[in-house]
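As structure tokens, the structure follows; a few thoughts come after it.
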Amino acid sequence: MWSNLPFELLANIFSYLSPDSLARAKSTCKSWHTCANNSLSWATLPWRQYPPWFLALPTRNHGHFICAHNPINDSWHLLPLDFIPNPIRPIAAVNGIILLRETTTTALQLAICNPFTRQFRHLPKLNVPRTNPAVGVISLDSANFQVYVAGGMSEASSVGGGASYEPSLEVYDSVQENWKTIGSMPMEFAVRLTVWTPNESVYCNGILYWITSARAYTVMGFEIRNKNWRELGVPMADRLEFAALVQRNGNLCLVGGTSDAGACIWQIEESNNWRMIEKVPQELWARLFGGKGRWGSINTRCACIGGAMSLYRDLGSGMLVWRKCAENGTKWEWHWIEGCGTIKGVKLQNFPIKGLLLHPYLASSSFLLNE
């Protein structure tokens, strides 16, 4: 009976499988593999209602792999990155793929990969070579995205001039597959985007936001439509030991805290004032940094995606997840996830990581084949 099912019916059955179940189904035979790859749209996959996977990538020379946490069965998996030719560092996740930067060059060179299908390609070089700019990413639809690069240091002039801050903004469009310079910024913003801004960005209501990493914290936003820059203050800006931007239910939020007072989540209002909407449970907050006091708080990191946020420190310390309830799409709940100490009986050493949240995409991408 299974071998005679119509293609459309089989594809509909596949659409209700979780990513790990679909992967097993794809390995059954060539016909099922073809059906799964060619008929499922990432935009409409019901598995996006499942919690996202957490991907932990080493930030230093601890190996060329990803430790991936499957929230459905609470298990960790090892994903080798031996298909990527050069050392990389992750920047962000978008549409089920990862935006990366190569670490073998000083000037920014971006690439993308899908660690589940083992596909990889470089993005074109920027119009203006630059080091250490702020990078942001926007999902346009299920298949297309834009990458924004702002600030950074330009290369030294060949006629003897030194490197300087680059007060321009470039955007890469995955449809056009090229970079365009779309505007400038105040030099003060270029300096802060270069020196004090990590690559974590949040896109919300037509504005791409970054947060400065130096206290007192501030938020910098670029309005996509009219190409204006804006600056927002941050609650407890000079006291927070860590702070990060997240998106919740279509609204810009900020999570931050201290080792003594704990952590809170604020949401921006129309008046550009912040309103506290949630307090991280104190017992979970204390568990996260394991009695390390202020040092543990300072080293807290955040990963976010629509419908979920994760706070973490390193591979082995565990993570705190705040995500939508499956039964109630407007209510969010806190969960504790144990860190990764072993995978399939093999013990792993603890090391610093960059965490990403994404919904795995198991079909081959034509965009990743175009290099």
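As a basis for the values below, the full set of heavy atoms in this structure was taken, side chains included, without hydrogen atoms, waters or symmetry mates.
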(message) Applying side-chain contact (heavy atoms from CB on, under 4.5 Å) to I337 and Y312, what does each step give before you reach the verdict?
(response) CA-CA 10 Å; I337 306 297; Y312 64 93; over 6 Å; no
(request) Would you please test L108 and V149 for side-chain contact (heavy atoms from CB on, under 4.5 Å) and show each step? (result) CA-CA 10 Å; L108 181 69; V149 172; 4.0 Å; yes
(request) Report the C-alpha separation of I84 and L100 in whole Å, then their side-chain angles, then the decisive distance to 0.1 Å, and conclude whether the side-chain contact (heavy atoms from CB on, under 4.5 Å) test is met. (result) CA-CA 11 Å; I84 298 179; L100 314 161; 4.0 Å; yes
(request) Take E333 and H335, measure what side-chain contact (heavy atoms from CB on, under 4.5 Å) needs, and give me the verdict at the end. (result) CA-CA 7 Å; E333 290 183 339; H335 303 267; 3.9 Å; yes
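Across all non-hydrogen atoms, the minimal contact from F351 to P58 is CE1-CG, 3.6 Å. Residues P167 and M187 come closest through the heavy atom pair CG-CE, 3.8 Å. Annotation for A261 and T258: closest pair N-OG1, 3.0 Å, computed over non-hydrogen atoms. A pairwise comparison of heavy atoms in P71 and P52 identifies CG-O, 3.3 Å as the closest pair.
Note on residues 80-92: pairs passing salt bridge (Lys or Arg N to Asp or Glu O under 4.0 Å), not counting sequence neighbours, are D82-R118. Applying the salt bridge (Lys or Arg N to Asp or Glu O under 4.0 Å) rule to pairs touching residues 348-362 yields E200-K354, sequence neighbours excluded.
Rounded to the nearest 0.5 angstrom, R248 CZ and I265 CD1 are separated by 8.0 Å. We find the CG-CH2 distance between N249 and W332 to be 6.0 Å, quoted to the nearest 0.5 Å. Taking CG from L57 and CD1 from I88, the interatomic distance works out to 6.0 Å, rounded to the nearest 0.5 Å. Remark: S213 OG to W196 CH2 distance equals 6.5 Å, nearest 0.5 Å. Atom CD of residue Q119 and atom OH of residue Y361 lie 9.5 Å apart, to the nearest 0.5 angstrom. For the atom pair F120 CZ and I112 CD1, the distance stands at 9.0 Å (nearest 0.5 Å).
For the side-chain hydrogen bond (donor to acceptor under 3.5 Å, both in side chains) test, residues two or more places apart in sequence or in another chain that qualify with E223 are N226, R230. Residues passing the side-chain contact (heavy atoms from CB on, under 4.5 Å) test with N132 are T194, sequence neighbours excluded. Scanning for side-chain contact (heavy atoms from CB on, under 4.5 Å) contacts around S271 gives E269, N273, with sequence neighbours left out. Residues passing the side-chain hydrogen bond (donor to acceptor under 3.5 Å, both in side chains) test with S75 are N73, H77, sequence neighbours excluded. Among residues two or more places apart in sequence or in another chain, the side-chain hydrogen bond (donor to acceptor under 3.5 Å, both in side chains) test is passed with K279 by none. Under the side-chain contact (heavy atoms from CB on, under 4.5 Å) criterion, I343 pairs with C67, W76, L78, C340, L348, not counting sequence neighbours. In this view, E170 and R130 satisfy the salt bridge (Lys or Arg N to Asp or Glu O under 4.0 Å) rule, not counting sequence neighbours. Under the side-chain contact (heavy atoms from CB on, under 4.5 Å) criterion, E188 pairs with R192, not counting sequence neighbours.
Listed for the S154 side chain is a donor-acceptor partner under 3.5 Å among the backbone atoms of S164. Looking at N350, its side chain does come within 3.5 Å of a backbone N or O of L315 through a donor-acceptor pair. No donor-acceptor pair closer than 3.5 Å links the side chain of N95 to the backbone N or O of S139. In this structure a side-chain-to-backbone donor-acceptor pair under 3.5 Å is present from T103 to P87. Panel note: side chain T197, backbone T212; no donor-acceptor pair is recorded below 3.5 Å. Remark: the backbone N or O of G345 is not paired with any side-chain donor or acceptor of T342 at under 3.5 angstrom.
Residue I91 forms a side chain to side chain contact (heavy atoms under 4.5 Å, CB included) with just one option from L110, V137, L356, and that option is L110. Between L311 and the options V246, L288, L284, a side chain to side chain contact (heavy atoms under 4.5 Å, CB included) holds for only L288.
Apart from L252 itself, the hydrophobic cluster it occupies contains V202, I207, Y209, I211, Y217, V219, L232, V234, M236, L240, L245, L254, W266, I268, W274, M276, where clustering links Ile, Leu, Val, Met, Phe, Trp and Tyr at side-chain heavy-atom distances under 4.5 Å. Cluster partners of L193, using a side-chain heavy-atom cutoff of under 4.5 Å among ILVMFWY residues and allowing indirect links, are I138, L140, Y148, L169, V171, I182, M185, F189, Y203, L208, W210, M220, F222, I224, W229.
Using a 4.5 Å cut-off on side-chain heavy atoms (C-beta onward), F54 and M319 make contact. Taking the side chain as every heavy atom from C-beta outward, F242 and V255 approach each other to under 4.5 Å. In this structure the side chain of Q109 never reaches within 4.5 angstrom of the side chain of R101, judged on heavy atoms. In this structure, the side chains of N114 and I98 stay at 4.5 Å or more apart for every pair of heavy atoms. When side chains are defined from C-beta on, W334 does not count as touching R323, because their heavy atoms never get closer than 4.5 Å. Using a 4.5 Å cut-off on side-chain heavy atoms (C-beta onward), V321 and M309 make no contact. Between P80 and H64 the shortest side-chain heavy-atom distance does not fall below 4.5 Å. At a threshold of 4.5 Å between non-hydrogen side-chain atoms, the residues I277 and N251 do not count as touching.
Ring planes of Y172 and F145: tilted class, angle from 30 to 60°.
Salt bridge R287/E338: present, at least one basic N to carboxylate O contact under 4.0 Å.
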